[in-house]
Amino acid sequence: MTTLDTVPLWIDGRAADARSGRTFVTENPATGRPLADVQEAGPEDVDAAVAAARAAFPAWSRMTGTERGRILHRAAQILRSRNDAIARLEVLDTGKPISEASVVDVVSGADCLEFFAGVAPTIAGEHIDLGGAFAYTRREPLGVCAGIGAWNYPIQIACWKAAPALACGNTMVFKPSETTPVTAIELARALADAGAPPGVFNVVQGGAETGQALVGHERVAKVSLTGSVPTGRRAMAAAAATLKHVTMELGGKSPLLVFEDADIDNAVSAALNGNFYTQGEICSNGTRVFLHRRIRDAFVDAMLPRVRRMRVGDPLDPATTIGALISRAHMEKVLGYVELGLKEGARLLCGGARVTDGACADGWFVAPTVFEVQDDSLAIAREEIFGPVMTLLVFDDEDEAVVRANATPFGLAAGLFTRDLARAHRVAARLEAGTVWINDYNLTPVEMPFGGVKQSGLGRENGLAAIEHYTQRKSVFVQLGDVATPFA
Ligand code: NAD
């Protein structure tokens, strides 16, 4: 018995059943019970979605940016008007608290559509004067883009990929994570209701196999994937077979440096946001919190009571601040890291166990957990856990902190707290990360480019930078005089 209607595919402007004849089940992580049956796209469904996107491409790419922007703008308004209903679906599908989803998930997706709606009419090439000739460049769309999402911010990720792709004149086939298939269809509906022609935005459902069919499809020009590093590697290797453009938004183990002159209360607030928001399932989380030895005690004393006050509970209860992890398997992985941390000699300061009280009885809840470690080489200080587990480390000077912060194959994000202006910018420049926050953490306004360096990814989403990744330049040379030639 599931709670929602069957979740369809969305192909050529309407909901569709899979030609494969297969379905799978998505569950509610807060109850462990089935939430909905989902149509599973096989290769023939992926083909149909790509064909619809290809058919829609010529007319969509020939529209003016202003016309495309108007549609994206309307879609943003529609999403906002459906905020509460979509936020509730997101909570049922992801387990995250409604206190977050009702103000962040749909809203940030709508912000992104609005931003790129405004950018669409400004996308232009350049003019290059060459004396007796000139050249101009055209910024042309790539064609059919594949978007592949992770499960932590399903509708936001769908919007972060669809908005710039569509603004630039591309069409898209989007595959949400198989664990959170519900709300991508809501974006498809909003776009259709806003006037996007059939085929401009399509949704296929399924897991790695469906993703592979999309990435391997010869008619797909670009892949933008949000997921883990191993998945990114595989998808990029597959995309290389047909030399597709790629944007890879992958995992991290980001550092947050708190210097001795930091505002401690703000640093604690940022560390809590950067470790426990969405029960820790955020790629850019500052899970390695480096504390200057002089403020270590003050920081820990200010932080622990606030961690203990967090409310783990029913995600639909507005008072809940920590929801359920995405699945039993993921909860077990997170608890496995807790065990490993204890075995390797990390000191547990709070949390460290599954929560099964009251409303949490049947779901995948883990108490917010804080470890302190003496040794950066421990697995919990090196590997992405993607759950509510913070690791504290102590340092003595700036140079040491930067070297230790950078000693990771990841490079998604970093943060630092200091009142020293020169140090703030000096350290920001030295940190190997796609984004550095000074005196805050984890804010990702759509105006600001976001993405990773090192193995955390390639390319950028958001900001004007995203346009680079959804267009290609064509150079057009124009001769105004005679053709010069040695061939008399
Ligand atoms: P995942 O790598 O398991 O899956 C990501 C997506 O890729 C899913 O839709 C999945 O079905 C698909 N997929 C899996 N194998 C594929 C293949 N071979 N070819 C094509 N597609 C394939 O990641 P997840 O567990 O869904 O999400 C968690 C991970 O995502 C974490 O590592 C997290 O850091 C990362 N993440 C990164 C960002 C970012 O913006 N950098 C944002 C959110 C999450």
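This is a predicted model, so every value here is computed, not measured. Quick note: residue numbers are just sequence positions, from 1. Whatever order the structure lists them in is the order used to number ligands and atoms, beginning at 1.
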| Contact check, side chains of Asn28 and Thr3, non-hydrogen atoms, under 4.5 Å | no

| Contact check: Val229 vs ligand 1, nitrogen or oxygen atoms, below 3.5 angstrom | no

| Quick one: nearest non-hydrogen protein atom to atom 3 (O) of ligand 1, plus distance? | Thr231 OG1, 3.9 Å

| said: Using ring centroids (six-membered ring only for Trp), state whether Trp60 and Phe201 fall under 6.0 Å. | reply: no

| task | Please say whether Ser456 places an N or O atom under 3.5 Å from an N or O atom belonging to ligand 1. | result | no

| task | Distance to 0.1 Å, residue and atom name: give those for the protein heavy atom nearest to atom 17 (C) of ligand 1. | result | Gln212 CG, 3.9 Å

| task | Answer yes or no: does atom CZ of Arg219 have more than 12 heavy-atom neighbours from other residues, nucleotides or ligands under 6.0 Å? | result | no

| query | Checking Lys161 against Phe174: charged group under 6.0 Å from the ring centre and within 45 degrees of the axis? | reply | no

| query | Side chain or backbone of Leu412 under 4.0 Å from ligand 1, or both, or neither, by non-hydrogen atoms? | reply | side chain

| Should Ser177 be listed as contacting ligand 1, given a heavy-atom distance under 4.0 Å as the test? | yes

| Using heavy atoms and a threshold below 4.0 Å, how should the contact between Phe386 and ligand 1 be classified: side chain, backbone, both, or neither? | side chain

| field | Atoms in ligand 1 flagged as close to Gly207, the criterion being non-hydrogen separation under 4.0 Å | value | 11 (O)

| task | I would like to know whether Lys343 and Glu339 meet salt bridge (Lys or Arg N to Asp or Glu O under 4.0 Å); could you show each step before the answer? | result | CA-CA 6 Å; Lys343 208 161 77 196; Glu339 254 176 64; over 6 Å; no

| Worked check of salt bridge (Lys or Arg N to Asp or Glu O under 4.0 Å) between Arg54 and Asp47 | CA-CA 10 Å; Arg54 267 182 68 76; Asp47 269 348; over 6 Å; no

| request: Please indicate whether Glu209 has more than 12 foreign heavy atoms, meaning atoms of other residues, nucleotides or ligands, lying under 6.0 Å from its CD. | output: no

| field | Least distance between heavy atoms, Asn462 atom then Thr444 atom | value | ND2-O, 4.4 Å

| said: Using side-chain heavy atoms (C-beta onward) and a distance below 4.5 Å, is Pro97 in contact with Tyr277? | reply: no

| Ring-face cation contact, Tyr153 with Lys96, 6.0 Å cut, 45° max | yes

| task | Any atoms of ligand 1 less than 4.0 Å from a non-hydrogen atom of Ser228? List them with their elements. | result | 1 (P), 2 (O), 23 (O), 29 (C), 30 (O), 32 (O)

| field | Heavy-atom closest contact (Ala413 atom, Tyr441 atom, distance) | value | CB-OH, 4.0 Å

| field | Proximal atoms of ligand 1 relative to Gly149 (non-hydrogen, under 4.0 Å) | value | 5 (C), 6 (C), 8 (C), 9 (O)

| Sub-4.0 Å heavy-atom approach of Phe450 to ligand 1 | yes

| field | Nearest-neighbour protein heavy atom for atom 12 (C) of ligand 1, which is reported as residue plus atom name and distance | value | Ile148 CG2, 3.7 Å

| query | Which of the atoms in ligand 1, numbered in the order shown and given with their element, are less than 4.0 Å from a heavy-atom of Lys175? | reply | 8 (C), 9 (O), 10 (C), 11 (O)

| field | Other residues, nucleotides, ligands: >12 heavy atoms within 6.0 Å of Met310 CE | value | yes

| Atom indices of ligand 1, in the order listed, that fall short of 4.0 Å to a heavy atom of Ala150 | 26 (O), 27 (O), 30 (O), 44 (C)

| Between Cys283 and ligand 1, is there a nitrogen or oxygen pair with a distance under 3.5 Å? | no

| request: Return yes or no for this condition: an N or O of Leu250 is under 3.5 Å from an N or O of ligand 1. | output: yes

| field | atom 35 (C) of ligand 1 [closest protein heavy-atom partner, distance rounded to 0.1 Å] | value | Gly227 O, 3.1 Å

| By number and element, which atoms of ligand 1 are closer than 4.0 Å to a non-hydrogen atom of Gly251? | 32 (O), 34 (O)

| message | With heavy-atom distances below 4.5 Å as the criterion, would you say the side chains of Glu249 and Ile157 are in contact? | response | no

| query | Under 3.5 Å, N or O to N or O, is Glu461 touching ligand 1 that way? | reply | no

| message | Using a 4.0 Å cutoff against the non-hydrogen atoms of Trp151, which atoms of ligand 1 qualify? | response | 24 (P), 25 (O), 26 (O), 27 (O)

| said: Applying a heavy-atom cut-off of 4.0 Å, say which part of Thr226 lies close to ligand 1: side chain, backbone, both or neither. | reply: both

| Does Gly457 come within less than 4.0 Å of ligand 1, judged by its heavy atoms? | no

| task | Have a look at ligand 1 and work out which part of Glu384, if any, has a heavy atom under 4.0 Å from it: side chain, backbone, both or neither. | result | side chain

| request: For salt bridge (Lys or Arg N to Asp or Glu O under 4.0 Å), just list the numbers for Arg19 and Glu40, CA-CA rounded to whole Å, side-chain angles, deciding distance to a tenth of an Å, and then say yes or no. | output: CA-CA 9 Å; Arg19 292 156 203 227; Glu40 182 173 357; over 6 Å; no

| Which ligand 1 atoms does Gly211 reach within 4.0 Å, using its non-hydrogen atoms? | 19 (N), 20 (C), 21 (N)

